Amino acid sequence: MGYIGSHTAVQLLLSGYQVHIYDNLCNSNIDTLQRIKRIAGKDLGFTYGDIRDTQKLTAALKENSIEAVIHLAGLKAVGESSKKPIEYYSNNTQGSISLIQAMQAVHISTLVFSSSATVYGDPVYLPYDEAHPTFPTNPYGHNKLQIEQMLHDLAFSDKNWRIACLRYFNPVGAHESGLIGENPNGIPNNLMPVIGQVANGKLAQLSIFGNDYSTSDGTGKRDYIHVMDLADGHLMALNWLQENLGCHTFNLGSGSSFSVLELLRCFEKVSAKKIPYQIVARRPGDLSEYYAKVDKAEKILGWKTRRSLEDICTSSWNWIKNSKNN
Ligand code: UFG
């Protein structure tokens with residue numbers, strides 16, 4: 001029930017699915033469960049457990065008559081993955097094997113997997129389409145690609161599987177209620193949570209990692225996607241899998257990119273807050289710019305983003321203001 005899972009659970013409940021969450025709470029908070037219930041006006045189940053505990057996971061799938069799984073149980077900090085690779089291989093890769101074994105034990109064969117645009121690595125061309133070569137450059141990216149490859153092999157070996165690998169671009173924003181949003185443990189690494197902490201006074205300023213990239217204003221450009229659009233993407237993928245077999249990969253992005261300064265200005269505008277910043281050295285491993293080609297998800301799943309950069313900043317600011325009072 002982390003950042004993406006909580007928003008996805010809301011959209012699933014609102015569209016009539018019954019939801020059961022399995023989580024070890026390593027990067028989430030049990031309070032979120034009540035908040036999901038409050039927003040959706042519906043109940044949902046919860047089991048505390050680790051994805052690598054195959055027995056417990058199998059029992060949870062069976063006892064709750066689960067029919068399909070959305071797998072979001074991944075560690076996700078790129079920098080940390082280089083410092084603690086074995087934790088990442090264990091939780092992400094081994095954890096996914098454990099999940100597949102549990103699903104096989106109770107004959108569940110519908111799976112939506114949370115992958116990442118990080119699998120592409122340095123752009124050979126832009127926008128990245130799903131056929132772009134994959135050259136991940138860190139353990140986190142290696143995990144995502146390994147899991148995707150494993151899922152393709154699985155669907156090839158057993159034609160009953162229905163799998164969607166969703167390659168997210170940069171998820172940001174929050175539910176419009178301000179009740180759920182991104183709440184990283186410790187000092188955040190990602191741009192929007194850092195801006196949020198500057199806005200609410202927890203951090204003095206934003207450090208912008210380089211202004212000498214070959215972009216319009218020299219700062220890095222990314223394809224930011226509203227987490228509610230991303231949640232809708234999971235719902236559409238799950239619906240589509242009801243009618244389709246095999247393992248399929250989709251980019252989930254907006255199809256355009258914004259610079260660090262553009263995001264900062266937009267946030268300043270909607271919040272009426274000044275966000276002080278300093279320009280510092282480039283962050284190792286950062287790319288200049290990338291964004292998604294989104295035609296495949298639009299054509300096949302009937303999904304595309306509906307929310308703007310302004311919606312992203314407004315919802316983030318709403319969440320930040322709200323969480324300060326909690
Ligand atoms: N940035 C700053 N200062 C900060 C944080 C970020 O200038 O304090 C800049 C970065 O240099 C980059 C942009 O803001 O240009 C976005 O950086 P993020 O850390 O928010 O996101 P990344 O693009 O580095 O990575 C994100 C996720 C990964 C995922 C990837 C997929 O963190 O998990 O998108 O596209 F793999």
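As the structure lists them, so they are numbered: ligands from 1, and atoms in each ligand from 1. On a predicted model such as this, the values are computed, not experimentally measured, just so you know. Numbers for residues simply follow the sequence, beginning at 1.
Taking the ring centroids of Y290 and Y128, they lie under the 6.0 Å cut-off. Taking the six-membered ring for Trp and the full ring otherwise, Y3 and H7 have centroids separated by under 6.0 Å. Remark: aromatic rings of H234 and Y168 are close, center separation under 6.0 Å. Checked against the 6.0 Å centroid threshold, H132 and Y125 count as a close aromatic pair.
Here the CD1-CE distance, from I100 to M150, works out to 5.0 Å after rounding to the nearest 0.5 Å.
With sequence neighbours excluded, the residues that form a side chain to side chain donor-acceptor pair (under 3.5 Å) with H175 are S177. Residues passing the salt bridge (charged side-chain N to carboxylate O under 4.0 Å, His left out) test with E289: none are found, sequence neighbours excluded.
Of all the atoms in ligand 1, the ones that sit under 4.0 Å from a non-hydrogen atom of K76 are 33 (O). Near A117, the atoms of ligand 1 lying under 4.0 angstrom from a non-hydrogen atom of the residue are 35 (O). Within ligand 1, counting atoms from 1 as listed, the ones closer than 4.0 Å to a heavy atom of Y290 are 23 (O), 30 (C), 31 (C), 34 (O), 35 (O). Here is the list of ligand 1 atoms found below 4.0 Å of a heavy atom in R283: 10 (C), 17 (O), 18 (P), 19 (O), 24 (O). Near T118, meaning under 4.0 Å from one of its heavy atoms, ligand 1 places the atoms 31 (C), 36 (F).
Only the backbone of N189 comes within 4.0 Å of ligand 1, counting heavy atoms alone; no side-chain atom from C-beta on gets that close. Under 4.0 angstrom from ligand 1, there are no non-hydrogen atoms of K221.
Nearest protein heavy-atom contact of atom 3 (N) of ligand 1 is S207 O, 2.8 Å. With hydrogens left out, the protein atom closest to atom 26 (C) of ligand 1 is N170 ND2, 3.6 Å, a heavy atom. The protein heavy-atom contact nearest to atom 23 (O) of ligand 1 is R222 NE, 2.6 Å. Looking only at heavy atoms of the protein, atom 11 (O) of ligand 1 is closest to D286 OD2, 2.6 Å. In this structure, the protein non-hydrogen atom closest to atom 9 (C) of ligand 1 is V260 CG2, 3.7 Å. The shortest contact between atom 29 (C) of ligand 1 and any protein heavy atom is with S116 OG, 3.6 Å. The protein heavy atom nearest to atom 7 (O) of ligand 1 is F209 N, 2.9 Å. Of all protein heavy atoms, the one closest to atom 18 (P) of ligand 1 is N190 ND2, 3.4 Å.
Comparing V119, L191, V198 against atom 6 (C) of ligand 1, the shortest heavy-atom distance belongs to L191.
Between G2 and D23 the shortest heavy-atom distance is N-OD2, 3.9 Å. Contact record, L241 with A164: CD1-N, 3.8 Å, taken as the closest heavy-atom pair. Pairing each heavy atom of L57 with each of A102, the nearest pair is CG-CB, 4.0 Å.
Between Y213 and ligand 1 there is no heavy-atom distance shorter than 4.0 Å. Taking a 4.0 Å cut-off on heavy atoms, Y224 registers as neighbouring ligand 1.
Looking only at atom types and distance, the side chain of S98 has a donor-acceptor partner in the side chain of T54 under 3.5 Å away.
Of the polar atoms of L206, none of the N or O atoms is found under 3.5 Å from an N or O of ligand 1, judged by distance alone.
Contact check for M1 versus I36: side-chain heavy atoms found under the 4.5 Å cut-off.
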